[in-house]
Structures are given as C-alpha cells and as structure tokens.
Amino acid sequence: MMTFYLRELDLPGDYEALAQLQNQDNSEPVTAEILEAEDAKMYETGHTWKDENGLLAGYDRTRRVAVNDEGVIVGYLNSWRAPWTEPGYICNHLIVDKNYRNQGIGSLLLAHALDWSQGIGASALISALWDNQPQYLQFAENRGFVVERHTFQSVVPLDSEQAKNLPSSEEQLAASGLVIKTLADLSDDNSLQKLFQLSIETMPDIPGYMGTAPDYDSWRKWYLEVTGFSPELVLIAVDGERFAGYTNVIFNQDTNGLYHEYTTVHRDYRGRKIAQALKLKAIELGIERKAAYIRTDNDSLNVPILSINRKLGYLPERGHYRILAPIESVIEKMAERAT
C-alpha cells in the first residue's frame, strides 16, 4: 500500500514538476519559468490581523506538495490571502495528479489548509473547480463546500470564417465618436493611472466580485503586468481625454493563443457597444498576428458580456464552479469522514 506525506516546497527544483501537475487541468498551460516569475512578485513575509468586524484581513499564504514513497510530487496545495481578499476568507488551489486520485491525497492537503486557516483566524474557505469533473464537486460537497457561482469559458477559433467576417471595430464605434488606442500608443504613467481608476471603479460591478480593490502597485503587478502582457494588446476606448473602457489581452506563446484577462466599460458609457468593439478589435489583432484562438471567462450572471460573446462567435467550453465553505462546516464534515 503506497503512502503519501506532505512537505514544504523545494524551490526552484519543484517548479518543473508543479508546472506539469497544474497543466493536467489548466486550459492555458504554465511553465516552470512562469511559476518562478510569479513567485518573484510575492511578498516574503505575510501579515494578517482582525478588522473592526473581527474578520481576518491582511495577506499570507501556505503551500505544500504531497509526495509518494519515491518522493514524486503527486499533489499540490496553495492557500492564501491577498490584501484585497474578502475579509475572513482564505483562497485555495488544490490539485491531485490524475494517476493518484481517490487515495486520500486531496483530504491530506485540505487538512493542512484547514489547520493553517484556523491558526490565523479565518472564517471561511473559497476555491474553484472545473464544472466537467463531477468527482471534484462531490469531493468538495462531502467536505462542507457549496457552489456559490458558475463561470463559463468560451473561445473563438481565429481561423474560422465567422471570425474573419465579423464587422470591424471601427464600424462599431463610428457613431460614438470614440477611438481605440493601445497602451503602447499612450505609454505614460498618467495613462496607467487612468486605467487603474477605471478598473477599481468598475470591479465591484462584476457579478460575484468579492473583496476590496487593490492599490496601484498591486494592480499593476497582478492585474496588468502578468505573464504574456504586452502594451500593444491593452486596448483602450478613448473619448478625448477620458478612458471609456478597455480590455487587457494576454498572449500565450506556448499555445499561440490569446486570453481576455479583463474587459470593462465605465458606467457613463455602457449601452453603446464599446465592450463589443473592444472584443472585435482583439479578434482583429489576433487574426493579424496569426494567433490560433482567443479565450475568455465570464460569469453566468454577466448577461451583457455573454450576449456579446455569442454574437462574436465564441464557442462554449468547460467552466468553473466557485465554491465556499465556513471553516466550521469543513471541520464537521471532515470529522464525520474520519469516524
């Protein structure tokens, strides 16, 4: 009978194995280099406290890998709080190698997340799982989690006839008097500040948005300048000196694909098909660059964006369930399973 145990990460040596493990589930693959670059942006020491309502605030994280008797990594857990995470919550990413599932590894990793979260005073756990893997959902529900929200992925193959015969983004914006420029066209700190203000003003309008807005430096680091970022792919709908909306498109070199990291329109400009024009421009740039596809994620309740995606020929793919659980529920359910 094979046994498994948890250990701390051994970096940079573990990056390659972690990338291979995560790519069993990822729709957009990562590399060891991407994981290392993400870690380089992280804080070295966490700092948490209780806010005025007695809920956990601040930031911290714990990570563990599960290994077998031979020391092979067969599972991974990342539990964390960002400074803008909803008070009281701990975010979690848990994955088990497909060849080692149903052997208790997920429970072993979750137990560590639970112990750590309790230790720093969290009140609830949050995670996401694919909607086409019913065994994932059963695992979570058996341990006290409930589905809070459903998001969908969709993709446009850029070699399709529909993609090549869409109306132009210029036609879409002609009646509004707006133009689309790139961040490369407007490469100054004032433009970044405008994008930041537009982002934090509109983030609360996203269905299911939780937490608080990041500060400027955190926004640049985690929302804009991610792996695959290019100023030429940050598309901004401009009305004189005002930024009416923008989309940040990320390029994945390994798949020759594009991904909509974020799309938003200022409240004053909604209903004028600006988001549709931005998405059309992204498709045009993708075709121009001979990219294979452009992918996006949307919440099930974000009806305007889902409607735009259908018009532009996005094809539905698997989505995510966002799952939540009070700490007490997880403790109770895991105790029941242990008896």
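These figures come from a predicted structure and were not determined experimentally.
The environment of CG in N102 is sparse: at most 12 heavy-atom neighbours from other residues, nucleotides or ligands sit within 6.0 Å. Heavy atoms from other residues, nucleotides or ligands lying under 6.0 Å from CD of Q253 number 12 at most.
Taking a cutoff of 4.0 Å between a charged side-chain nitrogen and a carboxylate oxygen, D25 and K98 do not qualify as a salt bridge. The residues D217 and K41 are annotated as not salt-bridged, no charged nitrogen and carboxylate oxygen being separated by less than 4.0 angstrom. With respect to the salt-bridge test (charged N to carboxylate O, under 4.0 angstrom), the residues R63 and E8 do not qualify.
Cluster annotation: L285 is connected to L312 through the hydrophobic network of ILVMFWY side chains, with a link wherever side-chain heavy atoms come within less than 4.5 Å. L125 and Y59 fall into different hydrophobic clusters, defined by Ile, Leu, Val, Met, Phe, Trp and Tyr side-chain heavy atoms under 4.5 Å apart, directly or through other members. In the hydrophobic cluster analysis, where Ile, Leu, Val, Met, Phe, Trp and Tyr join through side-chain heavy atoms closer than 4.5 angstrom, I120 is grouped together with I327.
Residues satisfying the salt bridge (Lys or Arg N to Asp or Glu O under 4.0 Å) test with E170, not counting sequence neighbours, are K281. The side-chain hydrogen bond (donor to acceptor under 3.5 Å, both in side chains) search around S107 returns R143, not counting sequence neighbours. Looking at residues two or more places apart in sequence or on another chain, you find no salt bridge (Lys or Arg N to Asp or Glu O under 4.0 Å) involving E52.
Judged by distance alone, the side chain of Y293 and the main-chain N or O of Y259 form no donor-acceptor pair under 3.5 Å. In terms of modelled atom types and a separation under 3.5 Å, the side chain of R81 and the main chain of T48 share no donor-acceptor contact. A distance-only check finds no donor-acceptor pair linking the side chain of N23 to the backbone of N26 [under 3.5 Å]. Although no hydrogens or angles enter the test, the distance criterion places no donor-acceptor pair under 3.5 Å between the side chain of E36 and the main chain of P12. Under the 3.5 Å distance criterion, the side-chain polar atoms of K279 are left unmatched by any main-chain donor or acceptor of I274. No donor-acceptor pair under 3.5 Å is formed between the side chain of D185 and the backbone N or O of K181. One N or O on the side chain of D51 and one on the backbone of G54 form a donor-acceptor pair closer than 3.5 Å. In this structure a side-chain-to-backbone donor-acceptor pair under 3.5 Å is missing from N92 to S127. Under a 3.5 Å cut-off, the side chain of N256 and the backbone N or O of K290 do form a donor-acceptor pair. In terms of modelled atom types and a separation under 3.5 Å, the side chain of S218 and the main chain of D215 share no donor-acceptor contact.
The side-chain tip of K221 does not point at the ring of Y216 from less than 6.0 angstrom away and within 45° of straight on.
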Practice task
Report the C-alpha distance between L56 and I90 in whole Å, list the side-chain angles of each, state the deciding distance to 0.1 Å, and finish with yes or no for side chain to side chain contact (heavy atoms under 4.5 Å, CB included).
Solution key: CA-CA 9 Å; L56 183 67; I90 296 294; 3.9 Å; yes

Practice task
Give the intermediate values and the outcome of side chain to side chain contact (heavy atoms under 4.5 Å, CB included) for residues V238 and I236.
Solution key: CA-CA 6 Å; V238 179; I236 308 166; 3.9 Å; yes

Problem - Criterion salt bridge (Lys or Arg N to Asp or Glu O under 4.0 Å) on D14 and R7, from CA distance to verdict - result: CA-CA 11 Å; D14 285 342; R7 66 163 172 81; 2.9 Å; yes

Practice task
Go through the steps to decide whether S27 and R295 satisfy the test side chain to side chain contact (heavy atoms under 4.5 Å, CB included), and finish with yes or no.
Solution key: CA-CA 9 Å; S27 56; R295 190 189 308 275; 4.1 Å; yes

Exercise for the section: For the pair D115 and R64, evaluate salt bridge (Lys or Arg N to Asp or Glu O under 4.0 Å) and give the outcome as yes or no after the intermediate values. Expected result: CA-CA 13 Å; D115 289 345; R64 291 291 186 274; over 6 Å; no

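The closest side-chain heavy-atom distance from F145 to K333 is not below 4.5 Å. Counting only heavy atoms from C-beta outward, the side chains of R220 and L192 approach each other to under 4.5 Å. Between V72 and F4, every side-chain heavy-atom pair lies at or beyond the 4.5 Å cut-off. Contact of the V146 side chain with the I323 side chain is not registered, since no non-hydrogen atoms from C-beta on lie closer than 4.5 Å.
Contact between H260 and A282 at its shortest, heavy atoms only, is CE1-CB, 3.6 Å. Across S123 and L55, no two heavy atoms sit closer than the pair OG-CD2, 4.0 Å.
A side chain to side chain donor-acceptor pair (under 3.5 Å) check over residues 65-78, counting only residues at least two apart or in different chains, returns the pairs T3-D69, N68-Y100. Legend: salt bridge (Lys or Arg N to Asp or Glu O under 4.0 Å) pairs involving residues 243-265, not counting sequence neighbours: none detected.
Donor-acceptor pairing under 3.5 Å is lacking for the side chains of D297 and T151. There is a side-chain donor-acceptor pair under 3.5 Å between E232 and S230. Neither side chain, D131 nor H320, offers a donor N or O lying under 3.5 Å from an acceptor on the other.
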Please report, to 0.1 Å, the donor-acceptor pairs under 3.5 Å made by any side chain of residues 195-208, with sequence neighbours excluded.
from : atom 1 : to   : atom 2 : distance (Å)
S199 : OG     : L195 : O      : 2.9
S199 : OG     : W219 : NE1    : 3.3
S199 : OG     : Y246 : OH     : 2.6
E201 : OE1    : H266 : NE2    : 3.3
T202 : OG1    : L198 : O      : 2.7
T202 : OG1    : S199 : O      : 3.3
T202 : OG1    : Y262 : OH     : 3.3
T202 : OG1    : T264 : OG1    : 2.7
D205 : OD1    : R267 : NH2    : 3.3
D205 : OD2    : R267 : NE     : 3.0
D205 : OD2    : R267 : NH2    : 3.4
D205 : OD2    : R270 : NH1    : 3.1
D205 : OD2    : R270 : NH2    : 2.9

